[in-house]
Amino acid sequence: MAKKYQNFINGEWRDSSSHESFENRNPADWDNDLIGTFPSSNVDDVDDAVIAARAAFKKWRLIPAPRRGDVLKVVGDKMLKHKDEIAFEMTREMGKVIAETKGDVQEGIDTAYYAASEGRRLFGFNAPSEMPNKMNLSFRVPIGVGGFITPWNFPMAIPTWKLFPALVCGNTCVFKPAELTPKTATTLVKIIDEAMKEVLGKDYIPGVLNLVHGSGAIVGEAMTSHPEIDFISFTGSSEVGKRINTVAGGDLKRVSLELGGKNAQIVMDDADMELALDAVLWGAFGTTGQRCTATSRLILHKKIHDKFIDKLIKRVDKLKLGYGNNEGVDIGPCVSETQRENVNKYVNIGIEEDKATLVYGGDYAVKGDLSKGWFYKPTIFTNVTQYMRIAQEEIFGPVLSVLQCKDLDDAIAILNGTQYGLSSSIFTKNVNNAFKAVRDIEAGITYVNGATIGAEAHMPFGGVKATGNGHREGGWTVYDFYTEWKAVYIDYSGKLQRAQIDNY
Ligand code: UN1
């Protein structure tokens, strides 16, 4: 019998009021490994969660921020203690290899400790008053109830990027994780709740964090349009992001969107070729290409193109596909059948519509045990040009489109020539070219001599253009999203002082 998991609402584990459920399966061994069943929640469950979060907000906002930070410190400690088992289970439900799921948990630990310390900062600003005997202060206050809708590709890191800063700022949360990774989300919520109880003791407040499993179409939509949810933080596709922005924005909710990418790595003719090769293998095929920061375009200087492709094919050929919890595996499966179909659809577009040259892969991987999961061969296209669909649209799978450039300006123009702007990278030994690239690349993140993936928890994370709506996660920047500014004027002159009037 598969284990049955529940929602967490107002401090209690509960079934959905619909009593319906969905299955969570291992994408590397679909038919044999059923991980569990999770509630298919509905609008009533969302309502219950929002009511609980609204009531909890009254009390949680009054817990001193350093104490809220203490909760996150204990959360980080618990995640560290259970890092290996959380990672194992994450690989089982999501597919990426164990080294990467350990990295995913570590990113959550880093975010927890950062948030814990932020509880003792949450700095405001003071400014002089234009009047005598008057003091001007400004400080951060929490917003209220947040809705958090997260993807499956970073089942731990991305929820922590959102929930931890939101909580330390004094907000309460309704959390809907992706249906493909509900188990990691459940583990995270258990850990946070245990830490709340340990740190707050008799001051424990039920309803600060609520978990509602289910689909985007029902649960996500109900959250987005709920009048008692004050803000939404979402990571996922541009299509869904636009919908959230329209619905939530129409109600004047604050919305943070982290959406698609079509990230490129430039390799100039003076680059360290072996290093650039290491990077593209990691950037394009790590997480089976299912990162918003994945390298999906490689822009090669024409002088090195043929040699680079030769070496790249030899290196890709050595990558081992398999179940990510097994030793020596480099690439796991796609997360689901739908995802694999989408990858294959783009490969066919590359071949038939775009007339690019398929030089490696381009098919399902079905040899031996691979037939049990949603495996796809790492795939490389050359002779790709700027406006082909495989050079413009996010694929979210192990597919690399290779373009050629003639010089730095050309490379940057190609890199900038998509609607997206999340991550980017340039390999060069020429310091002037490196700085020009840093200045002119249109992206939220640029790596010099590094892969397009590898963002650190204490740095701003997010993109420009259609990748988002201007907010950043990570580091200090995310604290602007989760707080309102309160300006305070304290007049100790003993008389009415009219600003702009009595002093001019
Ligand atoms: C994502 O792909 O959605 O830089 C997040 C990286 C990771 C985070 C990726 N630290 O690739």
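Residue numbers count from 1 along this sequence. Values in this document were obtained by computation on a predicted structure and should not be read as measured data.
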Mind running salt bridge (charged side-chain N to carboxylate O under 4.0 Å, His left out) on Arg54 and Asp230 for me, showing each step along the way? CA-CA 10 Å; Arg54 178 59 63 194; Asp230 302 300; 2.8 Å; yes

Out of Thr150, Thr235, Thr111, which one pairs with Lys162 under the side chain to side chain donor-acceptor pair (under 3.5 Å) rule? Thr235

Strictly below 4.0 Å, N to O, side chains only: are Arg92 and Asp33 in salt-bridge contact? yes

Candidate list Thr186, Thr37, Asp45, test side chain to side chain contact (heavy atoms under 4.5 Å, CB included), partner His213, passing option: Thr186

Would you say Asn263 and Tyr420 are linked by a side-chain donor-acceptor pair, where the criterion is simply a distance under 3.5 Å? no

For a quick check under 3.5 Å, do Asp354 and Tyr387 share a side-chain donor-acceptor pair by atom type? no

Any chance the rings of Phe123 and Trp476 have centres within less than 6.0 Å? no

Ring centres under 6.0 angstrom apart (Phe38, Tyr5): yes

Does NZ or CZ of Arg121 fall inside the cone over Tyr114's six-membered ring, less than 6.0 Å from its centre and within 45° of the axis? yes

When the ring centroid of Tyr479 is compared with that of Trp161, is the distance short of 6.0 Å? no

Under a 3.5 Å threshold, yes or no: a donor from one side chain and an acceptor from the other, between Asn24 and Glu93? yes

Taking the six-membered ring for Trp, are the ring centroids of His471 and Phe481 within less than 6.0 Å of each other? yes

Over-ring placement of Lys96 relative to Phe154, 6.0 Å and 45° cut-offs: yes

